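Data block below; observations after.
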Amino acid sequence: LDNGQLDMKQVQEGDKEWDDENVGVVDTKDIETESRYFRRLSEKFWSFKGWTGRSWGGRYVGCPELPDGTPLTEFRSTVIEMKRVVNQTKGGKKRTVSCLVVVGNGNGAAGFAVGKGNDVRTAIRKAKNTAVKYLQVIPRCDGHTIYHDITTKYCKTRILMKKGVPGDGLHCQRAITAVCDLVGIQDLRTKIIGSTNPLNIVRATFQGFSSQETHQDLANRTGKFLVEYRKECGFRPVVVAVPEGKQGTAIPMLKALQMLHPSLDKNNR
């Protein structure tokens with residue numbers, strides 16, 4: 001060995017001796033450098049499409065943690081906005097970092113919070129650990145979209161949300177796309193009117209998702225059966241919600257007529 005180099009002429013396989021013209025010299029230092037490079041590359045945070053590469057917006061920042069340090073692996077965290085704030089005090093300028101983070105499990109539970117700290121890592125840790133304490137349960141229609149079209153407003157930000165069909169995808173502003181990914185919504189179209197402040201957009205999005213009226217809520221409010229005509233069902237009437245007082249007698253009859261939605265049949269069991 002000489003400076004980490006291995007002379008391959010001395011390596012023999014059985015009675016055959018290797019030719020030094022065909023076998024190069026392996027430098028162990030190069031192997032260690034390459035492994036460190038790929039290790040750092042795998043540890044870098046990656047972001048959604050639509051965010052600039054030099055900003056923290058849209059980046060996954062790991063999972064939140066409990067006060068005792070236990071990681072909540074079923075949740076993911078995404079940075080929506082990262083900004084540096086300078087406050088002029090008597091002793092001089094005080095620089096801090098403010099971070100807006102959204103946390104979700106991709107299955108209808110999500111929350112958001114703002115964290116502040118002297119450096120980026122501290123602000124992110126405070127934001128994601130606080131957001132997991134304020135989770136909201138977001139109802140989803142068939143597990144992929146919202147139940148109906150929504151118009152929501154927060155301050156000067158107004159968002160129009162349109163229900164999507166399976167395979168439609170997310171046609172939204174990048175902050176709303178990040179929220180939908182963490183909530184578990186796969187098909188949605190939105191339009192923002194007014195201010196595009198990231199915090200206002202996130203607040204308006206959660207406000208709209210939480211204000212949905214599910215099929216069962218609509219049936220209970222009106223006291224009527226809720227029927228849908230879908231292309232995948234041959235445009236035949238399918239009952240998706242039954243008022244609470246009529247479920248005992250109506251569900252067996254609708255099941256016999258093959259007009260009951262599979263979700264109602266599953267809940268009745």
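These figures come from a predicted structure and were not determined experimentally. Side-chain atoms are counted along with the backbone in the values below, which use heavy atoms only and exclude waters and symmetry mates.
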| message | Within this structure, what is the NZ-NZ distance for the pair K126 and K116, rounded to the nearest 0.5 Å? | response | 10.5 Å
| request: Mark yes or no for whether D149, through its side chain, and K163, through its backbone, hold a donor-acceptor pair below 3.5 Å. | output: yes
| query | Does D187 use its side chain to pair, donor to acceptor, with the backbone of G169 at less than 3.5 Å? | reply | yes
| query | What closest approach, in Å, do A113 and A127 show between heavy atoms, and which atom pair accounts for it? | reply | CB-O, 3.6 Å
| field | Gap between atom CD1 of I201 and atom OG1 of T157 - 0.5 Å precision | value | 6.0 Å
| request: Apply the test side chain to side chain contact (heavy atoms under 4.5 Å, CB included) to residues T214 and L218: give CA-CA distance (whole Å), side-chain angles for both, the deciding distance (0.1 Å), then the verdict. | output: CA-CA 6 Å; T214 64; L218 180 59; over 6 Å; no
| request: Check side-chain contact (heavy atoms from CB on, under 4.5 Å) between L135 and all other residues, then give those that pass, not counting sequence neighbours. | output: F75, V132
| Polar side chain donor-acceptor pair, D181 to Y60, under 3.5 angstrom | yes
| Taking atom NZ of K162 as the centre, does the number of heavy atoms from other residues, nucleotides or ligands within less than 6.0 Å exceed 12? | no
| query | Going from NE2 on H171 to CG on L188, what distance comes out if it is rounded to the nearest 0.5 angstrom? | reply | 9.5 Å
| task | Could you tell me the separation between the CZ atom of F209 and the CD1 atom of I150, rounded to the nearest 0.5 Å? | result | 7.0 Å
| field | Contact summary for A204 and M161, nearest pair of heavy atoms | value | O-CE, 4.5 Å
| D168: which of Q186, H144, R189 passes side-chain hydrogen bond (donor to acceptor under 3.5 Å, both in side chains) | R189
Under 3.5 Å, side-chain donor or acceptor atoms of residues 80-108 against the rest of the protein: list the pairs with distances, not counting sequence neighbours.
{"from": "T89", "atom 1": "OG1", "to": "G92", "atom 2": "O", "distance (Å)": "2.5"}
{"from": "N105", "atom 1": "OD1", "to": "N107", "atom 2": "N", "distance (Å)": "3.0"}
{"from": "N105", "atom 1": "OD1", "to": "A109", "atom 2": "N", "distance (Å)": "3.2"}
{"from": "N107", "atom 1": "OD1", "to": "R140", "atom 2": "NH2", "distance (Å)": "2.7"}

| said: Please report the interatomic distance CG(L226) to NZ(K224), rounded to the nearest 0.5 Å. | reply: 11.5 Å
| query | Other than L160, what residues sit in its cluster of Ile, Leu, Val, Met, Phe, Trp and Tyr side chains whose heavy atoms are under 4.5 Å apart, directly or through others? | reply | I193
| said: Main chain of E65, side chain of N129: is a donor-acceptor contact present, judged purely on distance under 3.5 Å? | reply: yes
| note | Residues T145 and G164: closest non-hydrogen pair is OG1-N, 3.2 Å
| task | List the steps and the verdict of side chain to side chain contact (heavy atoms under 4.5 Å, CB included) for T78 and L182. | result | CA-CA 8 Å; T78 302; L182 295 173; 3.7 Å; yes
| message | On a heavy-atom basis, which atom in A219 and which in A241 lie closest, and how many Å separate them? | response | CB-CB, 3.8 Å
| message | Using modelled atom types and a 3.5 Å cut-off, is there a donor and acceptor pairing between side-chain atoms of Q207 and backbone atoms of K153? | response | yes
| query | Roughly how far, to the nearest 0.5 Å, is NZ of K191 from SG of C172? | reply | 12.5 Å
| Looking at R221 and E213, does any basic side-chain N land under 4.0 Å from a carboxylate oxygen? | yes
| Under 3.5 Å, is there a donor-acceptor pair between the side chain of Q216 and the main chain of V242? | yes
| task | Answer with yes or no whether the hydrophobic clustering places Y147 together with I159; edges join I, L, V, M, F, W, Y residues whose side-chain heavy atoms lie under 4.5 Å apart. | result | no
| task | Determine whether S210 and I138 make a side-chain contact, defined as any pair of heavy atoms from C-beta on separated by less than 4.5 Å. | result | yes
| How about I176 and I192: do any of their side-chain heavy atoms sit closer than 4.5 Å? | yes
| note | Shortest non-hydrogen pair, P139 vs Q212, comes out as O-NE2, 2.9 Å
| field | Co-membership, hydrophobic cluster, residues L170 and V202, 4.5 Å side-chain | value | yes
| request: Could you walk me through whether N197 and S195 pass the side-chain hydrogen bond (donor to acceptor under 3.5 Å, both in side chains) test, one step at a time? | output: CA-CA 6 Å; N197 179 274; S195 174; 5.5 Å; no
| task | Determine the interplanar angle of the F206 and F112 rings, folded into 0 to 90°, and report it as parallel if under 30°, tilted if 30 to 60°, perpendicular if over 60°. | result | tilted
